Each structure stands twice: as structure tokens, then as C-alpha cells.
Colleague: 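Please see the structure below; I have some questions.
The model shown is predicted, which means the values in this text are computed figures rather than measured ones. Whatever order the structure lists ligands and atoms in, that order sets their numbers, starting from 1.
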Amino acid sequence: MNDAGLTVRGLRVSFGGSRGMFGRGGRPAVAAVAGVDLDVAAGEIVAVVGESGSGKTTVARCVVGLVTPDDGTLSYDDVPLGSTRSRPPAIQRAIQMVFQDPRSSLNPRMTAGAIVREAWQAHPAAAPSGDQDAAVRNLLAEVGLDASVAGRRPSALSGGQCQRVSIARALALRPRLLVCDEAVSALDVSVQAQILRLLSDVRRDHGLSMLFISHDLGVVRQIADRVVVMRSGEVVEQAPAEDLFTRPTHPYTRALLDAALDLEGAAS
Ligand SMILES: Nc1ncnc2c1ncn2[C@@H]1O[C@H](COP(=O)(O)OP(=O)(O)OP(=O)(O)O)[C@@H](O)[C@H]1O
Ligand SMILES: [Mg+2]
């Protein structure tokens with residue numbers, strides 16, 4: 001393995017086409033992703049932004065193997081990713097996802113400690129050789145949670161705490177790439193800032209890469225090294241974050257930035 005990171009080429013996904021009776025009529029397929037190329041280098045945080053329905057989540061779901069593309073290739077460190085079921089366990093482990101709604105993405109009947117430990121049942125190769133309880137406590141500490149959280153269920157935790165548990169569960173598998181789909185969108189602004197700081201620390205300490213999906217440009221500016229702008233299933237612009245925010249070249253990017261500024265203005 002080298003450290004090429006994630007490479008996506010010519011990704012295409014459409015949903016819901018039907019042929020209709022006798023091959024006539026029917027519904028046309030919706031092209032959710034219409035030929036996307038993107039890269040996430042080792043240790044890099046790449047954000048994907050764009051309005052609702054632009055295809056961001058569909059790209060994320062292809063990367064983690066929840067959606068099988070119609071066309072295109074995905075690889076990590078030059079190893080082809082393949083579709084969900086054919087992914088080798090080592091690849092499944094290497095790419096972990098953090099979802100938008102921290103509470104509904106955690107099993108409500110399990111304690112936080114059991115949720116983290118369950119990751120090792122699914123992937124025994126990643127299980128610690130020694131004391132698992134101690135390993136769970138270390139992971140919880142790493143994401144800023146007290147050891148007492150291990151015994152609590154998601155309903156007894158705040159949204160921010162739940163998202164920390166999701167991140168601990170992902171880290172339990174020692175991933176190379178974390179795919180975060182609107183991972184802070186459901187949180188209050190002050191909690192958002194804490195989780196963004198945690199994700200930055202995690203990247204620094206583990207040398208992880210991140211594909212960070214968000215519709216919120218203010219959030220993206222706080223965390224991304226590079227930004228990919230999507231519109232109607234296509235990439236319209238990609239640039240280092242600083243360049244994109246100070247010198248956007250595509251009119252759609254400018255419109256997105258203006259809309260975000262208007263929102264900020266209206267809020268203050
Ligand atoms: N499972 C599905 N079945 C049918 N259509 C879908 C499905 N998932 C997504 N789509 C459609 O694909 C397009 C892209 O959706 P996607 O969820 O990827 O956008 P998004 O950029 O993540 O939007 P949002 O910001 O609202 O999360 C939309 O037109 C959506 O309606
Ligand atoms: Mg989405």
C-alpha cells in the first residue's frame with residue numbers, strides 16, 4: 001500500500017428509473033451524481049459543499065459502500081473499493097462514516113460502552129489484545145467523554161455527547177478515512193465548534209483523512225483544507241479552502257458564498 005488516499009473517478013449514480021409498459025413511457029432515472037472526480041490525500045480534510053439535492057450524500061454513501069455506483073471507480077491507496085458486499089473487511093474498517101443525526105445513528109438499547117465494543121465484534125481484527133473495558137475508556141477519553149458515559153444509553157446523552165460516541169466507535173476500528181455527512185449540522189453552534197475541534201485533533205493525532213460533507217460554508221471554513229463544490233450531481237469547482245473563500249472562480253460558488261453571508265448578516 002502507498003498513501004495515495006481516496007481517489008474517485010467518473011462516479012455516476014442514478015435513482016428510480018423505470019422502463020414502463022412495452023418499453024415506452026416510464027419514469028426517467030434521476031442522475032444524482034453525474035460524473036464526479038475527487039481526491040482526498042492522506043491526512044487531508046476535503047469538504048464537499050452544495051445546495052440540497054446536489055448529490056453530496058450520494059457521493060459519501062458510494063465511498064463507504066452503502067450505494068453501488070452505476071459507473072466510475074473508487075480506490076483507497078490504489079486498492080479498488082468495490083461494492084458493499086465485496087469489500088474486504090480491512091477496507092470496510094479503513095473507511096468509517098459519521099452520520100448527521102447522532103441519536104438515531106446509535107442503537108438506543110445499547111450503552112455507549114457496548115456501542116464502541118460492538119465495532120470489534122464486527123471487526124475482530126481491530127479488537128485490542130488486552131482489556132477491552134480499558135480500551136473503551138481510553139477511546140471515550142480521547143473524544144472528551146468521562147468514563148461514566150460508558151454505562152449510559154444514547155437517550156441519557158446530549159446530541160454532542162452522542163456524536164462523540166459515534167466518533168469513538170469509528171476510531172475503535174483505527175480507520176484511515178472518516179466520511180462525515182453533515183456530522184455537525186444537527187448540533188447547536190457552540191457544540192458544533194467543539195466537535196469540529198475534536199475532528200481536527202483526531203486528524204492530527206491519527207493522520208486520518210476526512211471527506212467532510214456539509215451545506216454550511218461557515219462550518220467548512222473552520223475545518224477544510226480543500227473544498228469541492230457540487231451542483232446538480234457535478235463538481236463545478238474545487239480549490240484549497242482559503243482560495244475558494246477569498247477568490248471563488250465559478251459563479252455558482254460566488255452565489256453560495258453570497259447566500260451564506262446574507263444568512264450571517266440576517267442572524268447578527
Ligand atoms: N435513495 C434514493 N432514492 C431516490 N432518489 C434519491 C435517493 N437518494 C438520493 N436521491 C436523489 O438524488 C439527488 C441527490 O441527493 P443527495 O441526498 O445525494 O443530495 P445532498 O446534496 O446530500 O442533499 P442534502 O443537502 O439535502 O442532504 C436528489 O435529487 C435526491 O432526491
Ligand atoms: Mg445530504
Colleague: Kindly say whether Val236 contributes a backbone atom to a donor-acceptor pair with the side chain of Arg231 at under 3.5 angstrom?
Modeller: no

Colleague: Suppose we measure from atom 16 (P) of ligand 1 to each protein heavy atom; which comes out shortest, and what is that distance?
Modeller: Thr58 OG1, 3.6 Å

Colleague: Are more than 12 heavy atoms, taken from residues, nucleotides or ligands other than Arg204, located less than 6.0 Å from that residue's CZ atom?
Modeller: yes

Colleague: So do Val30 and Ser14 actually touch side chain to side chain, heavy atoms under 4.5 Å?
Modeller: no

Colleague: Would a single hydrophobic cluster contain both Val202 and Leu140, if residues Ile, Leu, Val, Met, Phe, Trp and Tyr are joined by side-chain heavy-atom contacts under 4.5 Å?
Modeller: yes

Colleague: Below 4.0 Å from ligand 1: does a non-hydrogen atom of Gly16 turn up there or not?
Modeller: no

Colleague: Taking N, O or S atoms only and a limit of 2.8 Å, check whether Thr57 reaches the Mg ion (ligand 2).
Modeller: yes

Colleague: In the protein, what heavy atom is nearest to atom 25 (O) of ligand 1, and what distance, to one decimal place, separates them?
Modeller: Lys56 NZ, 2.8 Å

Colleague: Treating Ile, Leu, Val, Met, Phe, Trp and Tyr as nodes and any side-chain heavy-atom pair under 4.5 angstrom as an edge, say whether Met97 and Val219 lie in one connected cluster.
Modeller: no

Colleague: Does any part of the side chain of Ile195, heavy atoms only, come nearer than 4.5 Å to the side chain of Arg164, both counted from C-beta?
Modeller: yes

Colleague: Tell me, which protein residue and heavy-atom name are nearest atom 12 (O) of ligand 1, and how many Å apart are they?
Modeller: Ala32 CB, 3.2 Å

Colleague: Among Leu199, Val46, Val227, find the one that has a side-chain contact (heavy atoms from CB on, under 4.5 Å) with Phe212.
Modeller: Leu199

Colleague: Between His215 and ligand 1, which residue portion shows a heavy-atom distance shorter than 4.0 Å: side chain, backbone, both, or neither?
Modeller: neither

Colleague: Where's the contact between Glu51 and ligand 1, heavy-atom distance under 4.0 Å: side chain, backbone, both or neither?
Modeller: backbone

Colleague: Starting from atom 19 (O) of ligand 1, what is the nearest protein heavy atom, named by residue and atom, and what distance separates them?
Modeller: Gly55 N, 3.3 Å

Colleague: Any protein heavy atom at under 4.0 Å, with atom 31 (O) of ligand 1 as the reference point?
Modeller: no

Colleague: Taking atom CG of Leu177 and atom CG of Leu208, what is their separation to the nearest 0.5 Å?
Modeller: 8.0 Å

Colleague: Which heavy atom of the protein is the closest neighbour of atom 9 (C) of ligand 1, given with residue, atom name and distance?
Modeller: Phe15 CE1, 3.5 Å

Colleague: Could you identify the single nearest non-hydrogen protein atom to atom 26 (O) of ligand 1 and state the distance to 0.1 Å?
Modeller: Ser52 OG, 2.5 Å

Colleague: Taking atom 20 (P) of ligand 1 as the point of reference, which of Ala29, Gly53, Ser14 owns the nearest heavy atom?
Modeller: Gly53

Colleague: Which option wins on minimum heavy-atom distance to atom 17 (O) of ligand 1: Val13, Leu66, Thr57?
Modeller: Thr57

Colleague: Applying the salt bridge (charged side-chain N to carboxylate O under 4.0 Å, His left out) criterion to Arg9, which one of Asp37, Asp71, Asp39 satisfies it?
Modeller: Asp39

